[in-house]
2 protein chains.
Amino acid sequence: MLRLSKLTDYAVVVLIRLSHGEAVQTSPGIAAGIGLPEPTVAKVLKALAYSGLVSSQRGARGGYRLARALSAIPITDVVAAIDGPIALTACVEGSGAGCEAECTCPVRGRWDLVNDAVRQALARITLADMDRSAPRAHARAAAQQPDALALTLISAE
Amino acid sequence: MLRLSKLTDYAVVVLIRLSHGEAVQTSPGIAAGIGLPEPTVAKVLKALAYSGLVSSQRGARGGYRLARALSAIPITDVVAAIDGPIALTACVEGSGAGCEAECTCPVRGRWDLVNDAVRQALARITLADMDRSAPRAHARAAAQQPDALALTLISAE
DNA sequence: AGCAATCAGGACTTCTGCGGTCCGATTACA
DNA sequence: TGTAATCGGACCGCAGAAGTCCTGATTGCT
Ligand code: SF4
Ligand code: SF4
């Protein structure tokens, strides 16, 4: 159904939750705040910390803290942190495993266009746009960006 | 890894293969032409026929035939035919199953923005753009379309 | 220094749904 | 009318995701 993993969904929720209230929040605290199982939230936070989206503080009175502002985190970063790089099919650049029918496939390599289109669509939306309790400042800025997808299509071959 | 199902990938390959050579082609014939297991190709063709992307002809001398031109089939149609409607998360409109944390979630409903962005990115690319042996006529046309994503973001709320 | 709280990392189990396979229904052709 | 070719839908196994748990390392507080 072309759905992204549940963990990625949770990551967005967790990050937005982190932007509310206290600056540094603990893993069980966040889990309780959004009514999600604590171990799962912890797993998400670890992945986010590993990729540098949040900074962690160990020990008593520790917790997690946002590393950047919400408006500086595009959706692609969250997806990349949890699910790894965006690779719609096996033959796009970056996905190690190759397709077995790669030699005879008449579409070999063409998926890169679609892949980039999706990547750019996701890169234009930041977490600030996802927050229900924030103004829509960023959206207007996005409207002034050129249509990068079309440029990609034209430049291709 | 935000990847779409293998079947969808195969569907694109099959459709493009169908646009080459004979107008009506049989399921094993196509499978042999692209070196993919025959039952799998047959399954893909069935799904495509069910959703009207190809028309089927039963009986001897039967087979499958393209229902429309490649340039009239956006990627979204292929995805919808195989994987069902595009629904990145559980809480987007159209996905029957709801999320359990839906009442307390601070992102509830915001995924629609991302969902539409991806959908529109995929809708702008047709199978004709994926064919390696075809001219890139459509790409230039896409460049002249307005940036629908930004408009969506602005109009939201 | 001792203690309690918290994160880090990995191993393990469960389960959905994708990928692959099969046999019966249908239709043109001789 | 018989036959062969082909589509249609139902079936099952398995990889990968989702979720859980445990042990060890680190740090603030008393
Ligand atoms: S080579 Fe062809 S069949 Fe293989 S992943 Fe790429 S598009 Fe799909
Ligand atoms: S309601 Fe929140 S947690 Fe549930 S699917 Fe939607 S965004 Fe994700």
Side-chain angles (χ1 to χ4, degrees), chain A residues 1-11 13-14 18 22 24-32 35-65 67 79 82-84 87-90 95-97 99-101, chain B residues 1-11 13-14 18 22 24-32 36-65 67 79 81-84 87-90 95-97 99-101:
Chain A
M1 217 188 290
L2 187 61
R3 69 175 23 177
L4 46 78
S5 78
K6 246 172 172 181
L7 277 299
T8 304
D9 178 14
Y10 293 160
V13 177
V14 164
L18 246 176
E22 295 294 322
V24 50
Q25 296 180 35
T26 151
S27 163
I30 299 175
L36 249 43
E38 192 274 329
T40 302
V41 171
K43 188 176 195 173
V44 167
L45 282 168
K46 286 171 199 171
L48 291 177
Y50 179 81
S51 59
L53 281 178
V54 300
S55 62
S56 64
Q57 179 64 24
R58 298 222 265 207
R61 284 286 302 166
Y64 293 96
R65 167 199 323 267
V79 174
I82 308 289
D83 275 349
L88 265 61
T89 65
S95 166
C99 169
E100 74 284 351
Chain B
M1 213 189 293
L2 187 60
R3 71 173 21 175
L4 45 79
S5 76
K6 243 174 174 180
L7 278 297
T8 305
D9 178 14
Y10 294 160
V13 177
V14 164
L18 226 120
E22 295 293 322
V24 50
Q25 296 181 35
T26 154
S27 162
I30 299 175
L36 249 44
E38 191 274 329
T40 301
V41 171
K43 185 175 195 172
V44 167
L45 283 168
K46 286 168 204 171
L48 291 177
Y50 179 81
S51 60
L53 281 178
V54 300
S55 61
S56 65
Q57 180 63 26
R58 296 225 264 207
R61 282 286 301 167
Y64 292 96
R65 168 200 324 266
V79 174
I82 307 290
D83 275 347
L88 265 60
T89 66
S95 167
C99 168
E100 74 285 351

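Note on naming: letters A, B, ... go to the chains in the order of the sequence lines (proteins, then strands), and numbering restarts at 1 for each one.
- The shortest distance between the side-chain N/O atoms of A:T40 and the OP1/OP2 oxygens of D:dT20 is below 4.0 Å.
- Regarding A:I30, its CD1 atom lies at a distance of 12 Å from the C1' atom of C:dT6, rounded to whole Å.
- Rounding to whole angstrom units, CG of residue A:L48 and P of C:dA8 are separated by 11 Å.
- Residue A:L45 is out of contact with every strand shown, counting any heavy-atom pair closer than 4.0 Å.
- Atom CD1 in B:I82 sits roughly 11 Å away from atom P in C:dC18 (whole-Å rounding).
- In this structure, B:R58 places its CZ atom 6 Å from P of C:dT26, rounding to the nearest Å.
- Within the structure, every side-chain polar atom (N or O) of A:Q57 is placed at least 4.0 Å from both OP1 and OP2 of C:dC7.
- In this structure, CD1 in B:I82 is found 14.5 Å from NZ in B:K6, a value given to the nearest 0.5 Å.
- Residue-to-nucleotide contacts include a donor-acceptor pair under 3.5 Å from the side chain of A:K46 to the base of C:dG9.
- Taking 4.0 angstrom as the limit, A:Y64 places a side-chain polar atom (N or O) nearer than this to OP1 or OP2 of C:dA8.
- In this entry the distance linking CG of A:L4 with C1' of D:dG16 reads 16 Å, nearest Å.
- Nearest-nucleotide positions on DNA chain D place B:G63 closer to the 5' end than the other of A:A60 and B:G63.
- The distance from the OH atom of B:Y10 to the CG atom of B:L36 is 5.0 Å, given to the nearest 0.5 Å.
- B:Y50 has no side-chain polar atom (N or O) that falls below the 4.0 Å cut-off from OP1 or OP2 of D:dG9.
- For the pair B:R65 and B:V24, the tightest heavy-atom approach, listed with the atom from each and the gap, is NH2-CB, 4.2 Å.
- Taking only side-chain nitrogens and oxygens, A:K43 never comes nearer than 4.0 Å to OP1 or OP2 of C:dG9.
- Closest approach to the B:S27 side chain among C:dA4, D:dC7, C:dC7 is made by D:dC7 (side chain taken as heavy atoms from C-beta onward).
- Heavy-atom distances to DNA chain C give each of B:P39 and A:Q25 a nearest nucleotide, and the one nearer the 5′ end belongs to A:Q25.
- Summarising the geometry, the separation between CD on A:E38 and P on D:dG19 is reported as 13 Å, rounded to the nearest angstrom.
- In this entry the distance linking NZ of A:K6 with P of C:dT14 reads 18 Å, nearest Å.
- Atom P of nucleotide C:dG20 and atom CG of B:D9 are separated by 11 Å, given to the nearest angstrom.
- Of all heavy-atom pairs spanning B:I30 and B:Q25, the tightest one is CG1-OE1, 3.6 Å.
- Across C:dC29, D:dG8, D:dC29, the shortest atom-to-atom separation from the side chain of A:R61 is found for D:dC29.
- Remark: B:S56 is in phosphate contact with D:dG8, judged by side-chain N or O atoms under 4.0 Å from OP1 or OP2.
- Atom OG1 of residue B:T8 and atom CG of residue A:L2 lie 8.0 Å apart, to the nearest 0.5 angstrom.
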